[in-house]
Amino acid sequence: MNSVKVQEVSRAAISSPIRATGGFALIDSLKRHGVEHIFGYPGGAILPLYDELYKAEAAGGIEHILVRHEQGAAHAADGYARATGKVGVCFATSGPGATNLVTGIATAQMDSIPMVIVTGQVSRAAIGTDAFQETDIYGITLPIVKHSFVVRDVRDMARIVAEAFYIASTGRPGPVLIDVPKDVGLEEFDYVSVEPGQVKLPGYRPTVKGNPRQINAALQLIQKARRPLLYVGGGAIAANAHAEIQQLAELFNIPVTTTLMGKGAFDENHPLALGMLGMHGTAYANFSVSECDLLICVGARFDDRVTGKLDEFASRARVIHIDIDPAEVGKNRVPDVPIVGDVRLVLIELLALCQASGSAAPNQTQEWLNKISSWRQDYPLNVPHHADSVSPQEVIVELATQAPDAYYTTDVGQHQMWSAQFLKNGPRRWISSAGLGTMGYGLPAAMGAKVALPQEEVICISGDASFQMNLQELGTLAHYGINVKIVVVNNGWQGMVRQWQQAFYGERYSSSNMQPAMPDFEMLAKAYGIKGITIHSREELPNAIAQMLAHNGPVLVDAHVTRDENCYPMVAPGKSNSQMIGLPERPQPQQVEPVYCSSCGAKNIGNNFCPECGTKL
């Protein structure tokens with residue numbers, strides 16, 4: 001059967017061999033694994049796959065999004081995966097096409113994002129000869145993928161695709177690379193499909209169910225704790241454990257703090273929510289982790305931006321650590337109760353055990369909650385209001401007010417931290433590069449999220465320096481009419497670099513000023529056929545955001561903000577979380593003058609009658 005006729009084959013399992021190319025086998029296998037969108041950029045070595053993709057698109061059910069740079073393809077697939085929980089897919093050709101994916105692959109690996117990356121490769125006979133556009137992408141990416149394949153035998157194609165999706169999406173998720181030599185894509189063979197669920201990998205068996213004795217030990221610690229704290233990371237998002245986390249928190253009245261990756265795993269409007277902890281976390285979250293007596297770590301990894309000085313992080317606390325990756329448990333902090341397993345399944349077991357024993361005691365944490373409440377009142381997050389400029393925080397707060405339920409992507413820097421502080425996100429509605437800290441991530445990630453969820457509002461918050469890393473993807477927005485809204489928080493600096501240079505490098509602002517040759521972003525957007533808006537004042541802000549949200553199509557808002565605003569509070573490098581700088585001054589207690597009794601001379605403070613003799617004062 002020739003390749004054109006193969007396109008008419010039913011999506012039912014192909015159990016009797018049909019004659020097909022390796023390229024058809026790949027595309028058909030992707031469709032069988034539920035792939036509806038592929039982000040990519042073609043080139044010579046991957047053309048056999050694109051030729052089959054062309055036919056598949058004509059038949060319907062799958063769409064290719066042509067990005068303007070391969071890095072954009074990787075980040076778009078990443079954003080697609082974060083927004084949906086599905087595996088994101090991207091394509092690139094060999095050589096420079098494949099190497100342009102590396103930053104996006106590393107971003108996904110650091111944040112445990114399920115992706116399948118397909119690269120073209122030179123023909124098998126040319127591998128190792130320094131052929132045109134040959135690079136060893138398999139070797140280059142070994143440290144930054146969960147697993148890799150090179151398809152050397154076309155008969156392995158369907159099995160490799162099925163294994164790649166299984167590995168990427170189970171256990172601790174991550175990116176998987178499939179490198180396809182050009183002649184493998186062209187070669188015809190007798191193709192039999194491999195369906196999802198048919199994969200058997202004896203050497204790969206992630207532990208998903210927690211040890212019952214360890215779960216029981218965890219419950220005993222929770223029952224005894226008077227100052228417990230839930231510390232929730234990205235693993236809770238990956239496991240869709242937000243309902244179980246809320247149930248546990250409410251059952252024992254446990255306050256909850258999240259990492260940058262964990263934002264949205266707990267309702268951020270809930271009275272028990274403390275917001276983000278760590279370097280730019282809330283003061284009350286960081287003080288809580290410094291004084292808690294039990295730290296319940298759920299799907300987090302004790303990252304240095306969270307812990308500050310590690311040996312002083314939660315130094316008074318017993319630790320329960322729940323994570324699906326055994327390599328993370330005990331890596332940075334040795335827990336008292338380690339539990340390896342899917343965090344949602346572990347929490348379900350913990351809640352069932354608690355219900356069976358009738359052990360909830362929500363009142364035992366009231367004194368602790370009162371203390372945290374006082375920290376909240378004394379050290380709130382501030383929104384500056386300057387007479388001559390709009391502050392970056394005001395821009396974020398206006399977005400939060402007008403689009404509270406949007407999916408938000410960010411780039412990396414001050415705007416990312418302000419967004420983390422002031423946005424209150426639902427599950428999967430916060431999409432940001434955390435572990436790698438990739439500038440240029442926000443716009444292509446927003447494209448991926450919007451392609452996946454066309455009915456949802458998707459907003460990218462960027463900085464003027466970050467935005468210029470991948471601004472060519474405005475062309476992709478215009479090409480496909482992808483209705484992403486972009487807000488550039490423009491202070492004319494690499495903002496976080498400038499803040500560190502000011503604080504720790506004697507105000508020597510080496511190569512961080514972006515104002516020279518700064519483009520007019522509104523005109524740039526218009527050059528791509530996209531609506532652009534520029535604002536300079538507080539009065540313009542509400543209307544500009546309203547216009548942006550009302551417009552049916554992509555919009556770029558260039559918000560010029562206070563140039564030298566710093567992101568506070570902040571834990572300086574090498575300091576503990578309790579040693580934050582940039583906190584608002586704590587209100588001093590009012591001094592009460594003592595009153596002396598006219599009858600007995602006793603000293604009294606704050607009384608109407610003398611406690612010694614009863615005389616009215």
Salt bridge or not between Asp111 and Arg82? Use side-chain N to carboxylate O under 4.0 Å. yes
Using side-chain heavy atoms (C-beta onward) and a distance below 4.5 Å, is Tyr528 in contact with Leu556? no
Answer yes or no: is there a side-chain heavy-atom contact under 4.5 Å between Phe467 and Leu443? yes
Pair Thr21-Glu52, side-chain donor/acceptor within less than 3.5 Å: yes
Between the side chains of Arg498 and Gln502, does any donor sit under 3.5 Å from an acceptor? yes
Measure from the side-chain N and O atoms of Glu268 to the backbone N and O of Asn425, and report whether any donor-acceptor pair falls under 3.5 Å. yes
Under a 3.5 Å cutoff, is there a donor and acceptor pairing between the side chains of Glu507 and Gln501? no
In the structure I gave you, are the side-chain heavy atoms of Ile127 and Glu134 within less than 4.5 Å of one another anywhere? yes
Value rounded to 0.5 Å, distance of CG in Leu49 from CG in Leu26: 5.5 Å
pair Leu30-Phe91: side-chain heavy atoms closer than 4.5 Å: yes
Looking only at side chains, do His75 and Gln71 share a donor and an acceptor under 3.5 Å apart? yes
Do Phe165 and Val116 make a side-chain contact, defined as non-hydrogen atoms from C-beta onward lying under 4.5 Å apart? yes
Side chains of His479 and Arg68: any donor to acceptor distance under 3.5 Å? yes
Judged by modelled atom types alone, do Thr438 and Thr107 share a side-chain donor-acceptor pair under 3.5 Å? yes
Can you tell if the side chain of Val412 reaches within under 4.5 Å of the side chain of Leu436, non-hydrogen atoms only? no
Just by modelled atom types, is the Gly440 backbone N or O under 3.5 Å from a matching donor or acceptor in the Gln468 side chain? no
Tell me yes or no: between the side chains of Asn490 and Arg563, is some donor less than 3.5 Å from an acceptor? no
Is it the case that Asn491 and Gln414 place a side-chain donor and acceptor less than 3.5 Å from each other? yes
Could you check whether Lys450 pairs with Glu457 (Lys NZ or Arg NE/NH1/NH2 to Asp/Glu carboxylate O, under 4.0 Å)? no
Centroid-centroid distance, Phe39 to His64, less than 6.0 Å: no
Do His242 and Asn240 have side-chain N/O donor and acceptor atoms under 3.5 Å apart? no
Within the 4.5 Å heavy-atom criterion, are Val383 and Glu394 side-chain neighbours or not? yes
Going by distance alone, is a donor N or O of one side chain under 3.5 Å from an acceptor N or O of the other, for Ser432 and Gln416? yes
Do Gln121 and Asp179 pair up side chain to side chain, a donor and an acceptor below 3.5 Å, judged on atom types alone? yes
Determine whether Leu399 and Phe422 make a side-chain contact, defined as any pair of heavy atoms from C-beta on separated by less than 4.5 Å. no
Pair Ser112-Arg172, side-chain donor/acceptor within less than 3.5 Å: yes
One thing to verify: whether Asp303 and Arg301 come together as a salt bridge, which I'm taking to mean a side-chain N less than 4.0 angstrom from a carboxylate O. yes
Scanning both residues in full, the closest heavy-atom pair of Met548 with Ile486 reads SD-O, 4.3 Å
For the residue pair Asn100 and Tyr41, confirm or rule out a side-chain donor-acceptor distance under 3.5 Å. no
With a 6.0 Å cut-off on the ring centroids, do Tyr509 and Trp493 count as close? yes
In this structure, which one of Leu101, Ile117, Thr119 forms a side-chain contact (heavy atoms from CB on, under 4.5 Å) with Ile137? Thr119
